[in-house]
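Please read the structure below before turning to the comments.
Numbered from 1 within each chain, the chains take letters A, B, ... in sequence-line order.
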Amino acid sequence: MHIILAREPEGTFAVRALGGELTVPGALPATELAEHAARWERQLRPRWVFTSVEHDYPALLDGGVRVRRCHDLALAEALLLANEERGEQSRTLAAAFARARGLDPPAEAAPAGHDDHDQPALFDPRGSGLPPGVTVADAAELVFTEQCGRIERAAHPQRLRLLIAAESASALAAAEMSVDGLPWRADIHDKLLTELLGDRVPAGQRPRRLAELADRVQAAFGSRPVNPDHPGSVVRAFGRAGVQLPSARAHVLREVAHPAVAPLLEYKELARLHSAHGWAWLDAWVHGDRFRPVYVVGGVVSGRWASRGGAALQIPRTLRVCVRADPGWKLVVADAAQLEPRVLAALAGDRTLAEVAASADLYDSLAEVMFAGARSDAAAGQDDRQKAKIAMLSAMYGGTAGEAASLLALLRQRFPAAVSYVEHAALAGERGQLVRSRLGRTSPPPSAAWRALTGGAGNEEGARRASRDWGRFTRNFVVQASAADWTAVLLASLRGRLPAPAHLVFFQHDEVIVHSPDHLAEQVRDCLAESVREATERVFGAACPVRFPMTATVVDCYADAK
DNA sequence: GCTTTTTGCGCC
DNA sequence: AAATGGCGCAAAAAGC
């Protein structure tokens with residue numbers, strides 16, 4: 001059975017059962033909702049229907065309630081609209097309701113696409129735009145029924161059903177991870193900052209170590225003031241010293257022989273740590289030795305997650321030492337090795353690439369096939385591996401710079417199916433057509449400006465460039481979005497299998513961390529292996545010949561993984 | 001003066 | 001000849 005949960009504008013919740021009997025009081029405050037929900041979850045094992053998990057699930061979590069399964073109307077609507085090639089239409093609940101009823105779109109709803117951060121979201125009950133007399137629960141019920149029908153009418157109902165279920169489960173996992181938090185030792189972080197930067201100073205001031213480095217940079221340039229935080233100032237200073245630079249970026253500076261370069265590079269690295277993950281970040285984001293990021297499921301067009309505040313998906317490697325299991329607990333850290341090329345092999349059904357993907361290090365065996373028997377010493381082997389990697393990344397990203405083009409040509413000879421798969425995707429994008437992931441994530445339509453530029457006569461050069469740019473985007477989309485399909489199913493499966501109280505604490509594109517009591521860590525590792533198997537089978541089919549190695553390591557500290 | 005854009009760099 | 005994809009964030013610059 002299904003239980004629809006709708007937050008009404010007053011902040012209370014309305015509950016409605018589909019396909020079952022449920023004696024429900026009218027409007028429930030959050031605390032009472034949690035009591036009832038815990039019982040229903042236990043006795044009925046329903047699939048919950050949320051207008052938005054991100055918006056409403058925290059009310060259950062705060063009451064200590066976790067649910068097994070759900071359907072997120074907001075995420076489903078976004079996936080369905082894109083899949084139906086209506087990606088430009090509004091995703092609000094009111095708009096979805098109006099479409100389901102065959103009414104004109106509500107006036108308030110801004111079209112999707114531009115600055116969707118502040119647009120009235122699907123779940124926002126304030127100014128919901130629903131017709132008078134229609135409650136959020138009414139709308140949710142109709143939209144849910146409508147969405148189920150749309151799934152069945154899609155080209156691949158089974159894939160889309162799986163995608164929406166996995167995406168909804170991912171949203172549950174994301175909300176739970178925000179509540180549980182990533183174990184984060186503030187004392188270790190503080191000590192590390194002090195070692196690298198000097199004692200803590202008030203915001204706006206340079207810590208001692210940064211001040212010293214800034215002085216050394218200044219000394220290397222003479223008396224004219226130089227601000228190492230100001231790229232323009234740095235470029236001008238080098239110009240006065242007779243070195244013309246296109247920018248002050250680190251990789252540009254590294255090629256320059258000048259006494260200012262070494263302290264400047266060190267300054268930039270430490271200044272970055274200070275501004276992005278310094279004491280201000282620690283104060284704002286870590287409480288009670290937990291970092292609680294806000295994840296945005298489906299926040300990236302390709303289906304990857306984004307994050308809001310705290311830069312949860314950009315934790316620098318140097319800070320992994322701060323991530324430590326609680327006493328008596330372990331971290332089970334696992335990442336999918338070379339996920340994207342393996343996804344490409346599976347998508348394209350490329351037998352040769354699948355054979356290559358059978359080895360644990362894909363790029364090593366790729367090099368063997370590409371440069372068969374050419375050389376054998378270790379240095380050449382490393383060089384070949386690097387070339388094989390560039391070739392593969394160029395295929396997936398559309399790279400043509402340097403030797404990429406010739407390496408790609410060699411890759412095409414050896415793996416025609418895989419390369420033509422991404423090249424078809426690129427060609428579709430260049431023509432303004434949509435492309436899809438394995439489970440049906442669909443690329444957004446190009447903008448009106450793009451169509452005007454590429455469709456009209458005149459600006460030939462601009463048209464070609466825009467066309468190529470969009471082709472690179474769709475080329476990458478099919479791989480990245482299909483990888484997101486696989487990880488969403490993996491996450492959904494893993495979340496369901498984990499033995500309590502082990503729980504997910506981190507997810508980043510192709511990597512998961514589970515916080516587990518010592519004695520369950522091995523069991524968690526088995527769950528992971530089983531989830532990998534399940535994800536591969538459900539996304540790519542039982543006959544999929546591609547291996548997806550995801551070795552889990554059991555550690556006390558994130559920095560010790562791998 | 002405030003807001004938006006650019007630069008640069010962290011992650012995959 | 002050359003233009004490798006996706007993000008978020010802080011600080012400074014640029015725009016209003």
Side-chain angles (χ1 to χ4, degrees), chain A residues 115 117 203-204 206 227-235 245-254 264-265 267-278 280-281 284-285 293-296 298-320 335-341 343-344 389-408 422 425-426 429-430 435 437 441 443-444 461-462 464-484 487 506-512 558:
Chain A
D115 189 26
H117 267 308
R206 273 190 186 133
N227 179 359
D229 288 321
H230 181 180
S233 155
V234 169
V235 169
L245 297 180
S247 77
R249 297 178 181 200
H251 70 92
V252 173
L253 296 176
R254 257 188 279 279
L264 186 53
L265 286 172
Y267 177 91
K268 286 165 84 83
E269 199 176 321
L270 291 176
R272 164 99 196 160
L273 177 69
H274 181 237
S275 71
H277 287 95
W281 182 90
W285 289 99
V294 178
Y295 296 101
V296 185
V300 179
V301 283
S302 62
R304 277 185 173 183
W305 292 15
S307 66
R308 201 158 40 219
L313 304 180
Q314 294 120 272
I315 298 171
R317 285 176 171 272
T318 52
L319 290 186
R320 290 185 180 184
D335 75 322
Q338 301 124 10
L339 177 60
E340 293 190 348
V343 164
L344 175 56
K389 188 171 175 179
I390 288 171
M392 181 54 79
L393 293 178
S394 300
M396 295 188 301
Y397 293 166
T400 52
E403 59 178 352
S406 58
L407 289 171
L408 186 53
V422 284
E430 289 176 19
V435 295
S437 75
R441 294 185 201 271
S443 63
E461 188 53 40
R464 175 144 77 224
R465 195 158 66 89
S467 170
R468 290 279 166 83
D469 284 349
W470 198 253
R472 272 197 303 281
F473 168 64
T474 53
R475 169 196 291 265
N476 184 249
F477 183 95
V478 292
V479 178
Q480 197 181 105
S482 298
T487 52
F506 189 63
F507 170 67
Q508 176 177 240
H509 309 313
D510 59 0
E511 180 177 15
V512 297
Y558 187 18

Nearest to the side chain of [X], heavy atoms from C-beta on, is which of [options]?
X: A:Ala401; options: C:dT4, C:dG6, B:dC11; result: C:dT4
X: A:Ser275; options: B:dG8, C:dG6, C:dA10; result: C:dA10
X: A:Arg249; options: B:dG10, C:dC7, B:dG8; result: B:dG8
X: A:Arg304; options: B:dC11, C:dC7, C:dG5; result: C:dG5
X: A:Lys268; options: B:dC12, B:dC9, B:dC11; result: B:dC9
X: A:Ala250; options: C:dC7, B:dC9, C:dA3; result: B:dC9
X: A:Ala311; options: B:dC11, C:dC9, B:dC12; result: C:dC9
X: A:Gln508; options: B:dC11, C:dC7, B:dG8; result: B:dC11

Which heavy atom of A:His509 sits nearest to which heavy atom of A:Leu339, and what is that distance?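 In terms of heavy atoms, the two residues are closest at O-CD2, 4.5 Å.
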For A:Gly429 and A:Trp470, work out which heavy atoms get closest and say how close.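 Between these two residues, the closest heavy atoms are O-CD1, 3.2 Å.
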Could you tell me whether [X] contacts a base, only the sugar-phosphate backbone, or nothing, with contacts defined as non-hydrogen atoms closer than 4.0 Å?
X: A:Ala312; result: nothing
X: A:Arg464; result: nothing
X: A:Ala248; result: sugar-phosphate
X: A:Gly232; result: nothing
X: A:Ile315; result: sugar-phosphate
X: A:Ser307; result: sugar-phosphate
X: A:Arg317; result: sugar-phosphate
X: A:Val301; result: sugar-phosphate

Using atom types as modelled and distance alone, determine if a side-chain donor or acceptor of [X] lies under 3.5 Å from a backbone N or O of [Y].
X: A:Ser482; Y: A:Val479; value: no
X: A:Ser467; Y: A:Glu430; value: yes
X: A:Ser233; Y: A:Asn227; value: yes

Could you tell me how far C:dA1 sits from B:dC9 if I compare only their C1' atoms? Round to whole Å.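 Straight-line distance between the two C1' atoms is 28 Å.
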Could you state the atom-to-atom distance from [atom1] of [X] to [atom2] of [N] in whole Å?
X: A:Leu408; N: C:dA3; atom1: CG; atom2: P; answer: 17 Å
X: A:Arg254; N: B:dC9; atom1: CZ; atom2: C1'; answer: 11 Å
X: A:Lys389; N: B:dC12; atom1: NZ; atom2: P; answer: 11 Å
X: A:Met392; N: B:dC12; atom1: CE; atom2: P; answer: 20 Å
X: A:Arg475; N: C:dA3; atom1: CZ; atom2: C1'; answer: 13 Å
X: A:Asn476; N: C:dG5; atom1: CG; atom2: P; answer: 8 Å
X: A:Glu340; N: C:dG6; atom1: CD; atom2: P; answer: 12 Å
X: A:Tyr295; N: B:dC12; atom1: OH; atom2: C1'; answer: 13 Å

Side chain A:Arg272 and base B:dC9 donor-acceptor under 3.5 Å: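 Answer yes: a donor N or O sits under 3.5 Å from an acceptor.
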Under 4.0 Å: is that the gap between some side-chain N or O of A:Thr400 and OP1 or OP2 of C:dT4?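 Yes, within the criterion.
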Within the supplied structure, the quantity of interest is the number of heavy atoms (other residues, nucleotides, ligands) at a distance under 6.0 Å from A:Glu511 CD; does it exceed 12?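 Buried by this count: over 12 neighbours within 6.0 Å.
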Can you work out whether A:Gly402 or A:Gln480 has the more 5'-proximal nearest nucleotide on DNA chain C?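 Counting from the 5' end, the first nearest nucleotide belongs to A:Gly402.
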Using a strict 4.0 Å threshold on nitrogen-to-oxygen distance, state whether A:Glu340 and A:Arg304 make a salt bridge.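 A salt bridge is present here (some side-chain N lies under 4.0 Å from a carboxylate O).
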